[in-house]
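All residue numbers refer to positions in the sequence shown, counting from 1.
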Amino acid sequence: MQHREAAVRLTQTVQTITRELIESVTYLYAYRKKDEISEKEFNDYLEKTQQFVEKTLGEFAEPLYEHHPDLREHCCSCDIQQESQYD
């Protein structure tokens, strides 16, 4: 997407959805630890969530990042690793 403002909005949406799904896995993990849901239920949800996030990032976010690489979220630990390589 060439239009920067539209790309920013879409990137924010994809990032919000991704964060929410990751957070939902965390909640379900807590339920799993207390045996409130089965291991199968947790694993099924985790697998579907991973597939959805990978597809969403691949089909929506990556094309946006090609035109606007500065919109890509940076991993804090990745930045720390890169900095330590240069020390």
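Within 6.0 Å of the CZ atom in F60, the count of heavy atoms belonging to other residues, nucleotides or ligands does not exceed 12. Remark: E36 CD is packed, more than 12 non-hydrogen atoms of other residues, nucleotides or ligands lying under 6.0 Å away.
Looking at T11 and Y65, their side chains come closer than 4.5 Å, going by heavy atoms from C-beta outward. Put simply, the side chain of L46 does not reach to within 4.5 Å of the side chain of Y29, judged on heavy atoms. Looking only at side-chain heavy atoms (C-beta outward), Y45 and I37 stay at 4.5 Å or farther from each other.
Atoms CD and CD1, on Q12 and I17 in that order, are 12.0 Å from each other to the nearest 0.5 Å. Note: I22 CD1 to E20 CD = 10.5 Å, rounded to the nearest 0.5 Å. Annotation: the span from L64 atom CG to L71 atom CG amounts to 7.5 Å, rounded to 0.5 Å. Interatomic distance, CG of L28 versus NZ of K33, reported as 14.5 Å (0.5 Å rounding). Atom CD of residue Q50 and atom CG of residue L21 lie 11.0 Å apart, to the nearest 0.5 angstrom. Taking CG from N43 and CZ from R32, the interatomic distance works out to 8.0 Å, rounded to the nearest 0.5 Å.
The two residues P63 and G58 have their closest heavy-atom pair at CD-O, 3.5 Å.
Residues satisfying the side-chain hydrogen bond (donor to acceptor under 3.5 Å, both in side chains) test with Q51, not counting sequence neighbours, are E47.
Electrostatic pairing of K40 and D44 counts as a salt bridge here, judged by a charged N lying under 4.0 Å from a carboxylate O.
Considering R9, H67, H68 as possible partners of R4, the one that fulfils the side-chain contact (heavy atoms from CB on, under 4.5 Å) test is H68.
Here the side chain of E41 pairs a donor or acceptor atom with the backbone of S38 at under 3.5 angstrom.
Between the side chains of E23 and Y27, at least one donor-acceptor pair of N or O atoms lies under 3.5 Å.
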